[in-house]
Chemist: 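Here it is, the structure in full.
The model shown is predicted, which means the values in this text are computed figures rather than measured ones.
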Amino acid sequence: MALMNCSSPERLDLSSNSLYGTIPAELSSLTRLRELRVSNNSLGGSIYFLMNYTDLKLLELGKNKFEGTIPEVIGYKLPKLQFMDLMYNQLNGSIPKSLGNCSALRYFAVDYNNLSGAIPREFTMLTRLQTLVLAANNFEGNIFPLLLNCTQLQFFGLAVNMFVGSIPADIGLKLPNLQVFYAGGNQFHGVIPKSVGNCSQLSILDLSFNLLSGVVRQELGRLTALQRLYLGSNSLSNGHCATVCVLDVLSNCSILEVLELHGNNFSGILSRGIGNLSPRLSKLLLGGNNITGNIPDEIGNLTELTNFNLSDNNVIGQVPSALGHLKNLQLLDLSSNKLQGSIPLEFKMLVNLVYLLLALNQISGEIPSNLGSLQQLTELQLSHNELTGRIPNAIGHCFRLLKIDLSYNSLTGNIPMEISNLSSLAFYLNCSHNSLTGRLPSLGRMEQMLWIEIPEPCRKRIWGNGANINRAA
């Protein structure tokens, strides 16, 4: 092997190539290696070959196909390790206790493997850790008591495991340097501690898909560096507050870009303060709560929104025309509420809209013909409303449409001929439970239908490539 002709190299970087197979046995003779980088290849086999590199300080094996366990003696054989990247491999077993002997370790990442078990208590000795990433494995137990001594932690990734316990009340005091905290997809319970507000450098906080409860406290408003906040799918609430006061609390987070509060127990009305949220906000998910009242016109202040979801609540009143100011909007989901009135004509300005979901409301009036200007639209959900009049011909101008559901309304007239302009290869059309007449127009270029459901008077036998015409119930 040509590498053997090198005179005891200290650094070896073979990362981001197309290497495959196992590490050659000859490589073990490079005993003076201090840095080994072979990440982003297709290398496999076990990692026991590392045990000869006793001077190793930096190790990058991430994004390969290494398998087997992490050697139990790794902390004794490689005590000088400072940087250890094993992410995106196929490693199994548990993290060895001996790793606590690597007292200089600052970076440890094993995310996206098949590791399991509890984190060894010897982790309390890794007081220099700055980055710890354990995400997407099968770890269990209560990790927090083991890591509160790691006061230099900046990046803490625990997501998608089976960790349990509550978040310590003093976590923000013990780990004040936290910048990124991913803990979603576990079984943490209890409240979000007040002390989290002490993590003044925190930019990403993900506690979603856990068992958290209680009130979101005003201390979160102190996180002025916060860019992304994920609290969805818990049992959080706003207590006795008459408004969704968490939105007022977060108005101080002036660079917030993502706010996910869906699937909780937030109740009350949306105050006009919603317009005081960060002008950078691009994603606001409030679906699956108990929110009532109207949608304030101030929602139109959030002009950077690309994703607004308020579905599955008890919102009343009209769909505000102010939503038409959100020209960057790609998804608007107001389905499963109690909204009334007509679809605003101002929606024609939502030229980037991909999903328009207004089903299961009490919306009335006609479908605006100017929706035909929404050239990016792929899904139009208007079912279970009180819409009247004809299906506008202009719908056929939305050439990207994959799904149209207009069922359970009071629409009349023919299905427009222009519907045949929609050339999607996987198309869903549901116009059932209306008062439509005439016949289904020629399908033109639409050769493969996933589903077409139309009223009996409009049925037309179609022979074609996978076409599925379903009779209205």
Side-chain angles (χ1 to χ4, degrees), residues 47 67-76 81 84-103 105-175 177-178 180-193 195-196 199 204-214 230-236:
I47 62 173
E67 56 189 10
T69 61
I70 301 175
E72 184 64 36
V73 295
I74 191 169
Y76 302 119
L81 271 179
M84 187 175 183
D85 171 14
L86 301 176
M87 67 174 70
Y88 288 92
N89 278 288
Q90 300 168 17
L91 299 170
N92 56 51
S94 59
I95 294 179
K97 296 179 181 180
S98 69
L99 202 64
N101 196 51
C102 299
S103 58
L105 198 63
R106 298 195 307 269
Y107 183 105
F108 181 64
V110 292
D111 46 317
Y112 292 91
N113 279 282
N114 298 309
L115 298 165
S116 59
I119 304 303
R121 62 183 179 181
E122 285 76 9
F123 257 58
T124 58
M125 301 162 60
L126 303 180
T127 56
R128 297 185 183 182
L129 263 183
Q130 297 177 5
T131 296
L132 175 63
V133 192
L134 306 173
N137 282 285
N138 297 299
F139 293 123
E140 58 190 30
N142 189 346
I143 189 174
F144 290 116
L146 306 177
L147 295 171
L148 292 187
N149 287 339
C150 304
T151 57
Q152 297 183 39
L153 264 181
Q154 298 175 8
F155 193 113
F156 195 6
L158 308 176
V160 195
N161 279 288
M162 296 183 288
F163 289 119
V164 298
S166 59
I167 303 173
D170 57 351
I171 188 170
L173 304 176
K174 294 293 184 67
L175 306 179
N177 299 308
L178 273 182
V180 175
F181 184 23
Y182 284 111
N186 283 285
Q187 300 172 33
F188 297 126
H189 64 267
V191 302
I192 301 174
S195 69
V196 170
C199 300
I204 299 176
L205 176 58
D206 180 3
L207 301 175
S208 61
F209 293 93
N210 277 288
L211 305 172
L212 299 173
S213 58
Y230 305 96
L231 299 179
S233 297
N234 281 286
S235 296
L236 299 167

Chemist: If you define the side chain from C-beta out and look only at heavy atoms, does anything of Asn138 sit under 4.5 Å from Leu115?
Modeler: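 A side-chain contact under 4.5 Å is absent here.
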Chemist: Mind checking whether Tyr182 and Val133 have side chains closer than 4.5 Å, heavy atoms only?
Modeler: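 Sidechains of Val133 and Tyr182: no contact.
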Chemist: CG of Leu146 to CZ of Arg121: how many Å apart, nearest 0.5 Å?
Modeler: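 One finds 10.0 Å between CG of Leu146 and CZ of Arg121.
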Chemist: So, does Thr131 use its side chain to make a donor-acceptor pair with the main chain of Tyr107 at under 3.5 Å?
Modeler: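 No.
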Chemist: Would the distance check show the side chain of Asn137 and the main-chain N or O of Val110 forming a donor-acceptor pair, the cut-off being under 3.5 Å?
Modeler: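 Side chain of Asn137 to backbone of Val110: a pair is present.
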Chemist: Using a 3.5 Å distance criterion without hydrogens, assess whether the side chain of Ser116 forms a donor-acceptor pair with backbone atoms of Phe139.
Modeler: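 No; zero donor-acceptor contacts below 3.5 Å.
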Chemist: Do other residues, nucleotides or ligands put more than 12 heavy atoms under 6.0 Å from Tyr112 OH?
Modeler: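 No, because the 6.0 Å sphere around OH of Tyr112 holds 12 heavy atoms or fewer from other groups.
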Chemist: Among all residues two or more places apart in sequence or in another chain, which pass the side-chain hydrogen bond (donor to acceptor under 3.5 Å, both in side chains) test with Asp206?
Modeler: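 If we apply the side-chain hydrogen bond (donor to acceptor under 3.5 Å, both in side chains) test to Asp206, skipping adjacent residues, the hits are Ser208.
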Chemist: Quick check: does any side chain N or O of Asn234 sit under 3.5 Å from a backbone N or O of Leu207, one acting as donor and the other as acceptor?
Modeler: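 Pair found, side chain donor or acceptor close to backbone of Leu207.
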Chemist: Any donor-acceptor pair under 3.5 Å linking the side chain of Asn113 with the backbone of Gln90?
Modeler: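 Such a contact is found between Asn113 side chain and Gln90 backbone.
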Chemist: Could you give the distance from CG (Leu147) to CG (Leu175), rounded to the nearest 0.5 Å?
Modeler: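 Reported value, rounded in 0.5 Å steps: 7.5 Å.
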Chemist: Is it true that a side-chain atom of Ser98 and a backbone atom of Glu72 form a donor plus acceptor pair closer than 3.5 Å?
Modeler: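 Flag set: sc Ser98 to bb Glu72 pair under 3.5 Å.
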Chemist: Under a 3.5 Å distance rule, please check whether Asn186 uses its side chain to pair with a backbone N or O of Asn161 as donor and acceptor.
Modeler: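 Yes: the side chain of Asn186 pairs with the backbone of Asn161.
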Chemist: Looking only at the aromatic ring of each residue, does the gap between the centers of Phe163 and Phe144 stay below 6.0 angstrom?
Modeler: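 For Phe144 and Phe163, the ring centres are not under 6.0 Å apart.
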Chemist: With distance as the sole test, does Asp111 use its side chain to make a donor-acceptor pair with the main-chain N or O of Leu134 at under 3.5 Å?
Modeler: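 Flag not set: sc Asp111 to bb Leu134 has no pair under 3.5 Å.
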Chemist: Would you compute the distance between atom CG of Leu178 and atom SG of Cys150 and round it to the nearest 0.5 angstrom?
Modeler: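 Separation between the atoms: 10.5 Å.
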Chemist: Work out which heavy atom in Met84 is nearest to a heavy atom in Ile74; give both atom names and the distance.
Modeler: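 Met84 and Ile74 have their closest heavy atoms at CE-CD1, 3.2 Å.
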